[in-house]
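One structure is given here, and the rest of the page talks about it.
Residue numbers start from 1 in every chain, and the chains themselves are labelled A, B, ... in the order their sequence lines are given, proteins ahead of strands. These values consider heavy atoms only, across backbone and side chains, with no hydrogens, waters or symmetry-generated copies.
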Protein chains: 2
Amino acid sequence: MDKLDAGIIDMLRLNARAGYGDIGDAVGLSASAVKRRVDRLVASGVIRSFTIQVDPAVDGMGTEAYVELFCRGNVAPHELKRILSAIPEVVDAGTVSGSADAVVHMRSRDIHSLEIALERLRTATNIDNTRSSIVLSRLIHRRYE
Amino acid sequence: MDKLDAGIIDMLRLNARAGYGDIGDAVGLSASAVKRRVDRLVASGVIRSFTIQVDPAVDGMGTEAYVELFCRGNVAPHELKRILSAIPEVVDAGTVSGSADAVVHMRSRDIHSLEIALERLRTATNIDNTRSSIVLSRLIHRRYE
DNA sequence: TGTGAAATGATGCCAAT
DNA sequence: ATTGGCATCATTTCACA
């Protein structure tokens, strides 16, 4: 991961379909050298995948919520992970510092299916209670991940 | 957005560098028909961009926080968007229901640069105060977006 | 790493549905 | 309005220096 790799990654983040030649022009390498580096970045797991960002509204997944999770007693992170993995509406989650034990980002087709998913979460073992914030309007969506 | 478009989007989500011919084989179209549809999906904004998912740890962006934003008086969503857009550490944000005005997901290189970004957020015009939850361990990372 | 050749894929046009 | 096939052009990919 040197400066050249970082440059290649920046280019691919902006346009994952950029040609090797174009990337090479930008970072100062030949097309084949860029290809070799990209292949290596993929093989080593630095580049997880090539994807697209789809408008969630069009995709029919326009309803979102941020949910704070409060657990009963001490719950191990891998236990939380097990619970959350079973709910497909959970797109992102992490244990956090502060009063809550975890923050969960949920995305669903509509309010109704979000409510059902929330109910599943709320009734899971060791979950004490939840505090939901329904997203009213999306402001930022920088998916560099 | 018919069934064919949905199939094309599914393929591109799995591999944004898939060839038009390969996509066509999967959904039952010729390469040129797939290209036309992809071009249209991009032009109409359904496909927002072609990107890569990078391992945040390797990328040196392993420190995250969820931040609740409380504003002074009524702040228009587009005003919040303007403020948040200026902070690159903000990867995701939305106005929400409940006591907070917005929830912001931030990602940074380390605690120190996260702190600096938080300070910039906290001192922005019309921001009353913030409530941060630093992510201790990432549980879920379903980045279909 | 770069160069150059061969294979592969992208792109635009046209006739047909 | 949208498709498949084809011709052309660009890019990827690989062997070798």
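Annotation: proximity of residues 1-11 of chain A to DNA chain D (heavy atom, distance under 4.0 Å) is found for no residue. Heavy-atom distances under 4.0 Å link DNA chain C to Ser30(A), Ser32(A), Ala33(A), Arg36(A), Arg37(A) of residues 30-38 of chain A, given in residue order.
Going from atom CD1 of Ile52(A) over to atom CD1 of Ile47(B) covers 4.0 Å, rounded to the nearest 0.5 Å.
The side-chain hydrogen bond (donor to acceptor under 3.5 Å, both in side chains) contacts involving residues 15-30 of chain A comprise Ser30(A)-Ser32(A), where partners must be two or more places apart or lie in separate chains.
For the helix from dT1(C)-dA17(D) to dT17(C)-dA1(D), the terminal axes (five pairs an end, C1' atoms, rotation from four pairs onto the next four) enclose an angle of 30°, given to 10 degrees.
Distance Tyr20(A) OH to dT1(C) P: 14 Å, rounded to the nearest Å. Between the CD1 atom of Ile23(B) and the C1' atom of dT8(C) there is a distance of 15 Å, given to the nearest Å. Distance Arg17(A) CZ to dT8(C) C1': 14 Å, rounded to the nearest Å.
With a 6.0 Å radius and a threshold of 12 heavy atoms from other residues, nucleotides or ligands, Arg122(A) has its CZ atom above the threshold. Within a 6.0 Å radius of CG in Asn129(A), more than 12 heavy atoms belonging to other residues, nucleotides or ligands are found.
Side-chain atoms of Thr63(A) and Ser108(A) form no donor-acceptor pair, as typed in the model, at a separation below 3.5 Å.
Put simply, the side chain of Arg36(A) never gets that close to the backbone of Val38(A): no donor and acceptor are under 3.5 Å apart.
Residues Leu12(B) and Val54(A) fail the side-chain proximity criterion, which asks for heavy atoms closer than 4.5 Å. Side-chain atoms of Val91(A) and Met61(A), non-hydrogen and from C-beta on, never get closer than 4.5 Å to each other.
Across the interface with DNA chain C, nearest-nucleotide mapping of Gly19(B) and Leu29(A) shows Leu29(A) to be the residue nearer the 5′ end.
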Tell me, with the steps shown, if Val103(A) and Val135(B) meet side-chain contact (heavy atoms from CB on, under 4.5 Å). CA-CA 8 Å; Val103(A) 168; Val135(B) 173; over 6 Å; no

Step-by-step side-chain contact (heavy atoms from CB on, under 4.5 Å) determination, Asp92(B) to His105(A): CA-CA 10 Å; Asp92(B) 192 276; His105(A) 186 178; 3.6 Å; yes

For a side-chain contact (heavy atoms from CB on, under 4.5 Å) check, start with the C-alpha distance between Cys71(B) and Ile127(B), then their side-chain angles and the critical distance, and finish with the verdict. CA-CA 4 Å; Cys71(B) 299; Ile127(B) 302 296; 4.3 Å; yes

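With sequence neighbours excluded, the residues forming a side chain to side chain donor-acceptor pair (under 3.5 Å) with Asp2(B) are Arg37(B), listed by chain and number.
Nucleotides of DNA chain D that come within less than 4.0 Å of any heavy atom of chain A span, from the 5' end to the 3' end, dT12(D) to dC14(D).
Using a 4.0 Å heavy-atom distance criterion, Arg40(B) is classed as making no nucleic acid contact.
Smallest separation of non-hydrogen atoms from Leu80(A) and Ala102(A): CD1-CB, 4.1 Å.
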